[in-house]
Number of protein chains: 2
Amino acid sequence: MASVFPLADLKASVKADSRPGSRSDSWVDTIIKGDCVSALEALPTHSVDVIFADPPYNLQLGGTLHRPDQSLVDAVDDEWDQFASFEAYDAFTRAWLLACRRVLKPTGSIWVIGSYHNIFRVGATLQDLNFWILNDIIWRKTNPMPNFKGRRFQNAHETMIWASPSAKAKGYTFNYDAMKAANDDVQMRSDWLFPICNGNERLKGEDGKKVHPTQKPEALLARVIMASTKPGDIVLDPFFGSGTTGAVAKRLGRHFVGIEREQDYIDAAAARIAAVEPLGKAELTVMTGKKAEVRVAFNVLVESGLIKPGQVLTDAKRRYSAIVRADGTVASGGDAGSIHRLGAKVQGLDACNGWTFWHFEDGQSLRPIDDLRSVIRSDLAKVE
Amino acid sequence: MASVFPLADLKASVKADSRPGSRSDSWVDTIIKGDCVSALEALPTHSVDVIFADPPYNLQLGGTLHRPDQSLVDAVDDEWDQFASFEAYDAFTRAWLLACRRVLKPTGSIWVIGSYHNIFRVGATLQDLNFWILNDIIWRKTNPMPNFKGRRFQNAHETMIWASPSAKAKGYTFNYDAMKAANDDVQMRSDWLFPICNGNERLKGEDGKKVHPTQKPEALLARVIMASTKPGDIVLDPFFGSGTTGAVAKRLGRHFVGIEREQDYIDAAAARIAAVEPLGKAELTVMTGKKAEVRVAFNVLVESGLIKPGQVLTDAKRRYSAIVRADGTVASGGDAGSIHRLGAKVQGLDACNGWTFWHFEDGQSLRPIDDLRSVIRSDLAKVE
DNA sequence: CCGGTCCATGAATCCGATA
DNA sequence: GTATCGGATTCATGGACCG
């Protein structure tokens, strides 16, 4: 059965690519030292599947802030977060997003995380550049820092924007069923709850101080990667920092590329990633639903004999009927076509899912022809 | 004691303004029919306390694309026209935000609600116009519409931006203590959970169809108004729609001004608001914290005899001690000063709340001198 | 080893009245 | 405008320390 072969091919391909180091491209599974835009420009066009970007937030902090016990809040006042103006920040954003778009496959997608300080500018720039926003995702923090002065609401979340490279680029990966299954069988929502990165996961230097001021939790990256990539995909992080993206990508059987300017961060990230043990294939199997299942066309049912040419199909209430033709089309009155087109035609509708509309006689009862696809699929499963 | 009078004055002022209809300004507690910007330009400068805006976000960038003048664009993939549409939306946003800023008091604040289709543009424009973002607030929907195609995450939230008119405008109202008390005595977070507007609350026409497509839940507006206004304040809604802002403002003892173009919405909103029964003064009393209490200086305690000159104060762990002097200062070693300055000095800190730092002997136990202020305050209360 | 207490800390645009 | 200064203000978590 020919339709099985692409599946096997895919598996072989995944297997070959599933371990870091097995690729011939020298830039894959490495951290590139340098400026974000220059480094991106050195990478091949349309070469990465997903980009996760945690750019500077441009916090614009004023003086110092003390807790009620008078201890000093360790602010993010690093040089890399300083911008002269919104215009400067916008130009920076535009530059790295444009560079990202060239490197991103048309079937890829991009994630950008930020706070209210910068995320609106990032989102508007994404739109200006004709990226197509798929969702904005809210990371709700279980343990955010309080508002110490009681002058605002506690800033308890950050925002991620998920976008495809254009409105027409609909080939992006979204493991809908895996997300749904992971969420007690209801759709995964746009608000996610995770703790901030603390405890053992937080990288500390020999002095006991945090290596990076804004290390993201691995759980957050794990959901991003599980939702929007396939095993073997390449995940690029243009602001690599402490390397959370790389560590999670490796653990989940994906490839990574990191870009980072500061050697201290590169060293910490490299050591961190080296210590990661990739999960086995079994744990990695992305739970898939119908969309990821092997496509079984109607003619396969006819060819396999599960549906016979000349057989009569009807709708669930036997109001309409059609005759199966040998070529895998169906006919009714003077009309003929695919199960979907004919189903729409007889009902006078624009569209119709023929798999659930058309039924066949099974003893006393009517069953949708979709049931027969699962027979085919379980046969395919035995081949694995 | 003179410091009591301002409090009494404030109470009298609030009482005079606390019922709709008691104001002489003709535009207050009305719905103005017309274009948002023109209507705003007819209102007095610096005249409203809070603005809540739910602007249209019909960007029309997919499917059928229209130019700003509503003519149909023939080529949907024409990038120039898409860019032009964003520009038109930005110009519109800029125009109504500028008009809002003139009408808004310097001590006021503005809320804007939107989704990922428009909120990034709104946020960036707010920043461009030098509004100062205080928080972005996430409305998490308990019952969002599912994503029917399974190609994205369920869009389960909307975003509100809360901003003051400038970075220097720090006089905005934030009822921190009321919010905290309402939230089981922990700070109110930036993510709020509410159901979408449904059931009885949802306005329906005689045909049974919803009057307005995006009617907001009253609970959401109630939290916005309770958090950022005082009783008697004027709340302006430049995109009034079904009048949720007006209905909630009236119920909560605030004044409203609505601007709306469509007569059908105006009629529905007017009838809705007319049926609203304002809450009584007792129900409207806003929870306040220490900042709102009558100021009692330390020397009042000494003058009243609650603390005696020569008495020894210590911190809670008896690590530091100080002697009270007759002039209301305290001394320790070679240092002397206010309870706050000396508390800071002995600890080597920049600041210290002397009221909670210094303790006095009360039988077996140590009690903060702050306890004695409540004695003074209850005496003052009897005089009122 | 267990439980209690103390302490440190996290992407933070964090005071306001009076002189 | 700026400078001064009274005094108000925090939640969850993990690790250290102690009895």
Side-chain angles (χ1 to χ4, degrees), chain A residues 54-78 80-83 86 113-119 139 141-159 195-202 204 208-210 212-217 239 241, chain B residues 3 6 107 127 131-136 163-164 166-168 170-172 174 176-177 180 183-190 288-293 295-299 317 328 337-344 350-358 369-370 373:
Chain A
D54 183 9
Y57 286 10
N58 188 22
L59 285 187
Q60 306 178 65
L61 301 178
T64 58
L65 180 65
H66 292 83
R67 299 184 180 82
D69 64 3
Q70 300 303 322
S71 63
L72 184 65
V73 174
D74 184 17
V76 178
D77 53 3
D78 304 67
W80 47 257
D81 199 46
Q82 308 300 322
F83 292 84
F86 283 133
I113 186 168
S115 67
Y116 66 84
H117 310 84
N118 72 321
I119 198 66
W139 167 27
K141 303 180 183 183
T142 58
N143 48 350
M145 188 185 295
N147 183 293
F148 295 114
K149 302 292 188 187
R151 290 297 294 148
R152 305 178 178 195
F153 296 96
Q154 183 182 29
N155 191 10
H157 73 276
E158 293 187 26
T159 300
I196 61 177
C197 183
N198 250 335
N200 267 340
E201 191 185 321
R202 187 91 195 205
K204 304 265 171 61
K209 303 206 180 223
K210 57 191 178 193
H212 194 279
T214 70
Q215 184 179 342
K216 295 293 177 290
F239 305 97
Chain B
S3 58
T107 57
Q127 291 179 316
F131 283 89
W132 195 244
I133 298 179
L134 300 169
N135 280 114
D136 57 337
S164 68
S166 78
K168 284 175 290 185
K170 295 176 181 288
Y172 62 89
F174 178 51
Y176 172 79
D177 298 286
K180 183 171 174 176
N183 195 41
D184 285 348
D185 291 320
V186 291
Q187 297 188 332
M188 189 70 79
R189 296 168 45 110
S190 54
T288 56
K290 280 187 176 180
K291 280 177 184 167
E293 296 199 57
R295 185 174 161 242
V296 175
F298 182 67
N299 67 325
K317 296 186 179 173
S338 73
I339 51 174
H340 312 297
R341 289 287 145 227
L342 191 70
D350 289 333
C352 167
N353 183 342
W355 289 108
T356 52
F357 177 74
W358 295 113
I369 56 176
D370 197 27
R373 279 203 297 188

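Values reported hereafter were calculated over all heavy atoms of this structure, with side chains retained and with hydrogens, waters and symmetry mates removed. So that the names make sense, note that chain A is the first sequence line, chain B the second, and so on, each numbered from 1.
In this structure, the salt bridge (Lys or Arg N to Asp or Glu O under 4.0 Å) partners of B:R373, at least two apart in sequence or on a different chain, are B:D370. For A:H212, the ring pair (Phe, Tyr, Trp, His ring centres under 6.0 Å) test picks out A:W80, A:Y265, with sequence neighbours left out. Scored by the ring pair (Phe, Tyr, Trp, His ring centres under 6.0 Å) test, A:F153 finds B:W162, B:F174, B:W192 as partners (sequence neighbours excluded). With sequence neighbours left out, A:N198 forms a side-chain contact (heavy atoms from CB on, under 4.5 Å) with A:N143, A:I196. For A:P68, the side-chain contact (heavy atoms from CB on, under 4.5 Å) test picks out A:F148, with sequence neighbours left out. With sequence neighbours excluded, no residue forms a ring pair (Phe, Tyr, Trp, His ring centres under 6.0 Å) with A:Y116. Residues satisfying the side-chain contact (heavy atoms from CB on, under 4.5 Å) criterion with B:Q127, sequence neighbours excluded, are A:F86, A:R121, B:I133.
One atom, CZ of B:R373, and another, C1' of D:dG7, lie 8 Å apart when rounded to the nearest Å. Nucleotide D:dG7 holds its P atom 18 Å from the CG atom of B:D350, rounded to whole Å. Atom CD of A:E158 is separated from atom P of C:dG10 by 14 Å (rounded to the nearest Å). Atom C1' of nucleotide C:dA11 and atom CG of A:N118 are separated by 10 Å, given to the nearest angstrom. Remark: P of D:dA8 and CZ of A:R67 are 21 Å apart, rounded to the nearest angstrom. B:N183 has its CG atom 12 Å from the C1' atom of D:dC11, to the nearest Å. Protein atom CD1 of B:I369 is 11 Å distant from nucleotide atom P of D:dA8, rounded to whole Å. The NZ-P distance, from A:K141 to D:dA12, rounds to 15 Å in whole Å.
Here B:A297 lies out of heavy-atom contact (under 4.0 Å) with every strand. Contact annotation for A:Q70: base contact, defined as any heavy-atom pair under 4.0 Å involving a base atom. As judged by a 4.0 angstrom heavy-atom cut-off over every strand, A:C197 is placed among residues making no nucleic acid contact. Nucleic acid contact for B:R189: none, since no nucleic acid atom lies under 4.0 Å from a heavy atom of the residue. Contacts of A:P55 with the nucleic acid, taken as non-hydrogen atoms under 4.0 Å apart, include base atoms. Base contact: A:T214 has a heavy atom under 4.0 Å from a base atom.
You'll find the side chain of A:P195 stays beyond 4.5 Å of the side chain of A:K141, heavy atoms only.
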Give me the distances for all protein-to-nucleotides 1-6 of chain D N/O pairs that come in under 3.5 Å?
residue : atom : partner : partner atom : Å
D:dG6   : OP2  : B:S338  : OG           : 3.1

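You won't find any donor-acceptor pair under 3.5 Å spanning the side chain of B:Q187 and the base of D:dT9, going by distance alone.
Counting only distance, with no hydrogens or angles, the side chain of A:N147 and the backbone of A:G150 share a donor-acceptor pair below 3.5 Å. Looking at A:R152, its side chain never comes within 3.5 Å of a backbone N or O of B:N135 through a donor-acceptor pair. Panel note: side chain B:Q187, backbone B:Y176; no donor-acceptor pair is recorded below 3.5 Å. Side-chain N or O atoms of A:R67 include one that pairs as donor or acceptor with a backbone N or O of A:L72 at under 3.5 Å. Side-chain atoms of B:W358 come within 3.5 Å of backbone N or O of B:I339 as a donor-acceptor pair.
A:H117 and A:S115 form a side-chain donor-acceptor contact under 3.5 Å, judged by distance and modelled atom types alone.
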Using a 4.0 Å heavy-atom cut-off to protein, can you give one letter per nucleotide of nucleotides 3-8 of chain C, 5' to 3': B if the base is in contact, S if only the sugar-phosphate is, - if neither? ----S-
How would you summarise protein contacts on nucleotides 12-19 of chain C per nucleotide, using B for base, S for sugar-phosphate only and - for none, with heavy-atom distances below 4.0 Å? BBBSS---
When every nucleotide of nucleotides 13-19 of chain D is labelled 5' to 3' by its protein contacts under 4.0 Å (heavy atoms), B for base, S for sugar-phosphate only, - for none, what sequence of letters results? SSS----
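Geometrically, A:R151 engages B:Y172 in a cation-pi contact defined by less than 6.0 Å to the ring centre and at most 45° from the axis.
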Would A:T159 and B:D136 count as a side-chain contact (heavy atoms from CB on, under 4.5 Å) if you check the C-alpha gap in whole Å, the side-chain angles of each, and the deciding distance to 0.1 Å? CA-CA 10 Å; A:T159 300; B:D136 57 337; 4.0 Å; yes
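Listed pair B:K180 / D:dC11 meets the phosphate criterion, a side-chain N or O lying under 4.0 Å from OP1 or OP2.
Salt bridge A:K209/A:D74: absent, no basic N to carboxylate O contact under 4.0 Å. The pair A:K216-A:D54 meets the salt-bridge criterion, since a charged nitrogen lies less than 4.0 angstrom from a carboxylate oxygen.
In C:dT13 the O4'-C1'-N dihedral to the base is within 90° of 0, which defines a syn nucleotide.
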Let's test your reading of the pairing rules: Watson-Crick or G-U wobble, both distances under 3.5 Å, then write DNA chain D as a dot-bracket string with ( ), [ ], | and dots. .|||||....|||||||||
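Rounded to whole Å, the C1' atom of D:dT10 lies 14 Å from the corresponding atom of C:dC7. Between the P atoms of C:dC1 and D:dA16, the separation comes to 16 Å (whole Å).
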